[in-house]
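Working notes, beginning with the structure itself.
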Amino acid sequence: MSEMDRRKFLKGSLAGGVVAAATGVGAKAEAARTFEGYADSMGVLVDLTKCVGCRSCEAACNKEQGLPAPDKPFDDFSVFDEHGHGGLKRRTSEKAYTVVNRYETDKGPVFRKFQCNHCNEPACLTSCFVNAYTKTREGAVIYNPKVCVGCRTCMIACPFYVPAYSYSSPINPIIKKCIMCYDTRLKFGKPPACVEACPQEVMTFGKRKDLIKIGHQKIRSEPDKYIDHVYGENEVGGTSWMYLSSVPFEQVGFSTHLGNQPILNYVKDFLAIVPMVLCIWPALFTGFHLLAHRKEARKAEEEKSEK
Ligand code: SF4
Ligand code: SF4
Ligand code: SF4
C-alpha cells in the first residue's frame with residue numbers, strides 16, 4: 001500500500017469507525033481540537049546524521065523493558081539486509097520496541113532508529129474505546145495492559161505503524177510498544193535507556209520546546225549538512241520524538257504525507273453525525289478476536305483429547 005493509499009485508508013478507517021469510542025466521542029473530538037501537548041513535556045531529538053547502526057539502543061531497550069531474546073543477536077548486522085512483508089523494513093514488534101534500519105539514499109547508507117513517536121495528540125489514544133492509553137505530562141504515551149482488550153484498533157489508527165500485538169501470548173494477547181521508559185526512567189526525570197546507551201550521542205533528551213530550538217539552530221549553523229526540516233515538530237499535531245536528517249525524510253522511510261493536523265481532526269465532523277456506526281466497529285474487532293481465540297483453544301483441546 002503506497003503512503004497516499006494508506007493515508008486515505010487511515011482516514012477511511014477512522015471515519016469508518018475506529019476512532020469513535022462507544023462513549024465520549026464528542027468530548028474526545030473537542031479535546032483534540034484544543035489540546036496541543038503539555039507545555040513542559042520532554043522529548044528526544046534524533047540526529048540521523050550521527051547514527052552508525054550499532055544497535056546498542058535496541059539492546060538497551062530489550063534489557064530495560066525485560067523483553068525476550070531477539071531472533072538475531074544485537075551484534076548481528078545482517079538484520080539490515082532483511083525485508084519484511086511487501087519489502088518493508090523491520091518494524092517494531094512484541095519483542096522489539098525499537099528497531100534500527102539502513103536505507104540507501106542519495107548520500108549513501110543512512111541508519112534510522114524507529115520507535116513510538118509519542119504524539120502530542122495520539123491517534124492510538126483517541127482510537128482506543130476502553131481508554132487504555134494515556135499521554136503523560138512528561139510526554140510519554142503509555143498504556144494500561146490490564147485495560148487493553150486486544151481489539152487492535154490502535155494498530156490501524158497509528159500513522160506510524162507502531163503498536164505491535166503480542167500474538168505469542170495465548171492467554172491475554174495485548175498491544176505492546178515503547179513507553180519512553182516511563183515507569184523506570186522518564187517519570188523520575190531520567191532519559192530513556194536507548195538514549196543513554198547510544199555511543200554516538202545520536203539522541204538528545206530535553207524539553208520538547210528546547211529541542212525544537214536546538215534542531216533549528218543546528219540546521220542554521222550547518223545548512224549544507226541538514227535538510228531544513230525538523231520532522232515531528234508539526235507532523236500530526238507534533239510528536240515528542242523529532243528528527244534531523246541530511247537527506248529528504250521520505251528516503252529514510254518517514255511518511256511525508258501525514259499533514260500537520262492530529263489524525264482525529266480529519267474525522268471530527270464525521271464523528272459528530274454518525275456515532276452509532278462508530279460504536280459498532282471496535283466491538284466487531286473484539287468479537288472477531290475472541291472468536292478466533294476460542295476456536296484456537298477448542299482446536300488445542302481436541303488435539304489434546306485425541307492423544
Ligand atoms: S506514534 Fe502511534 S503509537 Fe505512538 S503515540 Fe503516536 S499514534 Fe500512538
Ligand atoms: S524509550 Fe525506552 S521503551 Fe522506548 S525505545 Fe527507548 S528504551 Fe525502548
Ligand atoms: S545506539 Fe545510537 S548509533 Fe547505535 S544504532 Fe542506536 S541510535 Fe544509532
Side-chain angles (χ1 to χ4, degrees), residues 10 14 18-19 32 37 41-67 74-75 77 79-80 90-93 95-102 109-128 132-136 138-143 152-165 175-187 190-205 232 235-243 254-255 258 262-264:
L10 182 65
L14 292 171
V18 173
V19 165
S41 72
M42 305 302 284
V44 176
L45 181 65
V46 185
D47 185 340
L48 298 182
T49 67
K50 291 181 167 186
C51 180
V52 294
C54 68
R55 300 185 67 205
S56 302
C57 50
E58 289 186 32
C61 177
N62 178 280
K63 189 173 172 207
E64 183 80 11
Q65 298 301 324
L67 298 175
F74 292 115
D75 57 2
F77 302 114
V79 292
F80 297 135
R90 292 194 303 148
R91 304 218 61 86
T92 49
S93 72
K95 286 187 188 175
Y97 296 171
T98 186
V99 292
V100 179
N101 284 315
R102 185 187 62 215
V110 172
F111 294 96
R112 175 198 162 192
K113 180 184 182 296
F114 174 76
Q115 75 298 300
C116 172
N117 283 323
H118 299 276
C119 305
N120 285 347
E121 302 183 46
C124 57
L125 182 154
T126 48
S127 74
C128 179
Y133 284 91
T134 305
K135 172 77 175 173
T136 72
E138 297 86 348
V141 176
I142 60 173
Y143 58 96
R152 286 171 273 182
T153 50
C154 55
M155 283 176 77
I156 299 170
C158 173
F160 302 109
Y161 305 80
V162 166
Y165 192 62
I175 288 296
K176 301 252 185 180
K177 74 165 195 78
C178 159
I179 53 167
M180 212 168 158
C181 293
Y182 181 74
D183 294 338
T184 50
R185 289 168 168 265
L186 188 65
K187 74 176 174 190
K190 288 170 66 183
C194 55
V195 173
E196 210 167 74
C198 176
Q200 301 296 318
E201 298 183 353
V202 167
M203 294 162 274
T204 307
F205 174 69
E235 277 79 6
V236 295
T239 57
S240 289
W241 283 62
M242 295 169 291
Y243 303 83
F254 285 84
S255 175
L258 293 171
I263 295 296
L264 185 63

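Scope of the values below: all heavy atoms of this structure, side chains included, with no hydrogens, waters or symmetry mates. Along the sequence shown, the residues carry numbers beginning at 1. As the structure lists them, so they are numbered: ligands from 1, and atoms in each ligand from 1.
For Lys50, the NZ atom counts as densely surrounded, since its 6.0 Å shell holds more than 12 non-hydrogen atoms of other residues, nucleotides or ligands.
No donor-acceptor pair closer than 3.5 Å links the side chain of Lys176 to the backbone N or O of Lys95. The main-chain N or O of Val141 is found under 3.5 Å from a side-chain atom of His118 such that the two form a donor-acceptor pair.
Side-chain contact check for Thr126 versus Glu121: every heavy-atom pair is 4.5 Å or farther apart.
Remark: Arg152 qualifies as a cation-pi partner of Tyr165 under the 6.0 Å distance and 45° angle criteria applied to the six-membered ring. A cation-pi arrangement, defined by a distance under 6.0 Å to the six-membered ring centre and an angle within 45 degrees of its axis, is present between Arg112 and Phe254.
Annotation: protein N, O or S atoms under 2.8 Å of atom 2 (Fe) of ligand 3 (waters excluded) comprise Cys198 SG.
Taking every non-hydrogen atom of Cys61 and a distance limit under 4.0 Å, the qualifying atoms of ligand 2 come out as 3 (S), 5 (S), 7 (S), 8 (Fe). Ligand 2 places these atoms under 4.0 Å from at least one heavy atom of Thr98: 5 (S).
At least one heavy atom of Gln65 sits closer than 4.0 Å to an atom of ligand 2.
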Criterion side chain to side chain contact (heavy atoms under 4.5 Å, CB included) on Glu64 and Thr184, from CA distance to verdict: CA-CA 8 Å; Glu64 183 80 11; Thr184 50; 2.6 Å; yes
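In this structure, the ring of Phe160 has its center no less than 6.0 angstrom from the ring center of Phe114.
Screening Thr92, Val162, Ile142 for a side-chain contact (heavy atoms from CB on, under 4.5 Å) involving Cys116 leaves a single residue, Val162.
Between the side chains of Lys113 and Thr98, at least one donor-acceptor pair of N or O atoms lies under 3.5 Å.
The OG atom of Ser127 sits 8.5 Å away from atom CD1 of Ile156, with the distance rounded to the nearest 0.5 Å.
The protein residues lying under 4.0 angstrom from ligand 1, judged by non-hydrogen atoms, are Cys116, Asn117, His118, Cys119, Pro122, Ala123, Cys124, Val141, Cys158, Pro159, Phe160, Val162, Pro163, Lys177.
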